[in-house]
Novice: 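The structure under discussion is supplied below as structure tokens; questions concerning it will follow.
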Amino acid sequence: MSTCAHFVLRHRWWVIAFWLVVLLAGGTAAGHLPSRLSSDFSLPGQEGSETQAQLARSYGVSADLGYLPVLTAPAGRSIDRADVTAVANRLRTIPGVRVLDYGTTGDPGFLTEGGHSTFLLAYGPQPAGFADPLAATVDRTVKAAARQQGLTAEITGYNQLSAGSDAGDDGGLSVLGETLIGALGALLVLAFVFASFLALMPLLIAGVSILATFLVVLGLTTFTDVSFVVQFLIALVGLGVAIDYSLLVVSRWREERARGQSNDEAVITAVTTAGHAVLASGITVAISLVALVVVDVPLIRSMGFGGMVIPVISTLVVLTLLPALLSLVGPRVDRPRIHKEAHVSRAWSAWARGVVRHRWAAAAAATRWPSSRSSACRSARPAPTPWPAAASPTTRWPRSAPAGWAAGC
């Protein structure tokens, strides 16, 4: 680590220029990344995925199930195949939507017992996020067409269930919004810890780390599918990891400055000592999360890619860009210095003495709290409720498909 610190200080301008280029490229990548991410929530090997594969083989449908309209005839009347065909044809007028239904296939498996209701399997382009822009259009089209045929219609599906409404409006925050809220909370904590403009330094490091990670993930999308959830993981976890690693180095740098070392000597000492902890932590976290890559679930595999890249990039930025910035502007931004490292905090000293004096009680309290929380969660977990026999979704599934929900239920 000493060699790394001396190299960074000798070439500090080159280091800053390199990360500035990465910052600009990462900002551009962040704008293009959402369109390259996938929305694949499939579970290979499970009933839903196997059913979807069987439907693709039987009917030539390769998209994921997006909507499940249910048509019901008035009392005393059965579903007419021509009525179903009319509704399905109206639905097919929406660009990108394909439909499997009783009218097209003639498969009575689409009908309920007695033929009073039927369901349609509607496939459309997967939304690039939580909100589905076609949900409202599909809802209006199906219900209007059903009314013309004297039928009532309701629509369900994965997107509707996940959004909590037929309109598909999630009302959630964007990646940028969540990151800004997290950064604001972190700034308040950092301002309390450093009580100087130095509190902005870890946030700058976090910003560079996040955008550099976006750049790397954009490259990964060329070789593999990456879930859109990863962008939230990068923004929030990257913010916390980069700030955490920066705190270790900056705090040690301030301590060495308080002991009378010159600025460059304090930087070298901080990187040589605290840098070891940063490097060990980054490698450990990356190795532990990269194990998720081998899981045959697209979402989990994507989290493995993102989780692996975040600590690696944060470690590189903290061990190169942060020392370069501290050597150039560290003393100038460390103002006003309300907290002095030379003075021991009375509150934390009293806390440490209390823990050491009552070490067994402290250890028991620390181990008892997580176990009690775990027991409470297990006792609060409800028992699984079986499907009523009359409402079982596998009662009359199309004969050409195995039992199970095509939507992954």
Side-chain angles (χ1 to χ4, degrees), residues 19 21-43 64 66 125-135 158-159 162-164 168-187 202-246 282 285-286 288-293 295 297-318 408:
W19 285 113
V21 172
V22 173
L23 177 66
L24 296 176
T28 303
H32 292 85
L33 183 61
S35 62
R36 301 283 295 274
L37 300 177
S38 69
S39 302
D40 187 2
F41 291 97
S42 62
L43 298 173
D64 292 329
Q126 287 298 302
F130 292 106
D132 184 0
L134 287 181
Y158 181 87
N159 295 326
S162 63
D169 182 11
D170 62 331
L173 292 173
S174 64
V175 177
L176 179 60
E178 292 189 355
T179 305
L180 291 178
I181 292 176
L184 179 60
L187 180 60
L203 287 178
L204 175 60
I205 297 301
V208 175
S209 301
I210 291 172
L211 292 178
T213 305
F214 279 142
L215 181 61
V216 174
V217 172
L218 181 63
L220 286 176
T221 59
T222 307
F223 307 99
T224 183
D225 291 334
V226 179
S227 172
F228 73 96
V229 176
V230 170
Q231 59 186 331
F232 296 92
L233 181 70
I234 292 173
L236 299 182
V237 176
L239 180 68
V241 169
I243 290 177
D244 183 32
Y245 291 172
S246 299
V285 174
S288 61
L289 291 177
V290 76
L292 298 177
V293 174
V295 179
V297 176
L299 176 61
I300 302 299
R301 186 167 57 246
S302 297
M303 294 175 65
F305 284 123
M308 171 189 65
V309 175
I310 290 170
V312 171
I313 297 297
S314 298
T315 300
L316 289 176
V317 177
V318 168

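Because the structure is a prediction, the values reported are computed rather than measured. Keep in mind that the numbers below use all heavy atoms, side chains included, and drop hydrogens, waters and symmetry copies.
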Novice: How close do Ala286 and Met308 get, heavy atom to heavy atom, and via which atoms?
Specialist: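 Shortest heavy-atom contact: CB-O, 3.8 Å.
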Novice: CG/Leu204 to CH2/Trp19 distance, rounded to the nearest 0.5 angstrom?
Specialist: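 That separation rounds to 12.0 Å.
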Novice: Identify the two heavy atoms, one from Leu239 and one from Ala206, that lie closest to each other, and give their separation to 0.1 Å.
Specialist: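 Taking every non-hydrogen atom into account, CD1-CB, 3.8 Å.
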Novice: What's the verdict on side-chain contact (heavy atoms from CB on, under 4.5 Å) for Val226 and Gln231, showing C-alpha distance, side-chain angles and the deciding distance?
Specialist: CA-CA 9 Å; Val226 179; Gln231 59 186 331; over 6 Å; no
Novice: How far does CG of Leu233 sit from CG of Leu289, to the nearest 0.5 angstrom?
Specialist: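 Leu233 CG to Leu289 CG: 8.0 Å, rounded to 0.5 Å.
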Novice: Are Val309 and Leu220 side-chain neighbours, meaning at least one heavy-atom pair lies under 4.5 Å?
Specialist: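 Contact flag for Val309/Leu220 side chains = yes.
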Novice: Taking all non-hydrogen atoms of both residues, which atom of Gly238 and which atom of Ile310 are closest, and how far apart?
Specialist: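 Scanning both residues completely, I find the closest heavy atoms to be CA-CG2, 3.6 Å.
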Novice: Please report the shortest heavy-atom distance between Ile313 and Ser209, naming the atom on each side.
Specialist: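 Taking every non-hydrogen atom into account, CG2-O, 3.6 Å.
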Novice: Between atom CG of Leu292 and atom OG of Ser302, what is the distance when rounded to the nearest 0.5 Å?
Specialist: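 Leu292 CG to Ser302 OG: 10.5 Å, rounded to 0.5 Å.
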Novice: Contact between Ile205 and Ile243 at the side-chain level, heavy atoms closer than 4.5 Å - yes or no?
Specialist: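 Not touching, per the 4.5 Å side-chain cut-off.
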Novice: Write down the atom of Gly207, the atom of Leu23, and the distance for their closest heavy-atom approach.
Specialist: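 Gly207 and Leu23 have their closest heavy atoms at O-CD1, 4.4 Å.
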Novice: Would you say that Leu211 contacts Val22 through its side chain, given a criterion of any heavy-atom pair below 4.5 Å between the two side chains?
Specialist: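 When only atoms from C-beta onward are counted, Val22 and Leu211 do not touch, as no gap falls below 4.5 Å.
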Novice: With a 4.5 Å cut-off on side-chain heavy atoms, are Val230 and Phe305 touching?
Specialist: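 No, their side chains stay 4.5 Å or more apart.
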Novice: Is Met303 atom CE crowded by more than 12 heavy atoms from other residues, nucleotides or ligands, each under 6.0 Å away?
Specialist: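 Counting other residues, nucleotides and ligands, CE of Met303 stays at 12 neighbours or fewer.
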Novice: Is there a side-chain contact between Val241 and Tyr245, using heavy atoms and a 4.5 Å cut-off?
Specialist: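 Yes. Closest side-chain heavy atoms under 4.5 Å.
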Novice: How far apart are the closest heavy atoms of Val285 and Pro311, and which atoms are they?
Specialist: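 Looking at all heavy atoms of both residues, the closest pair is CG1-CG, 3.8 Å.
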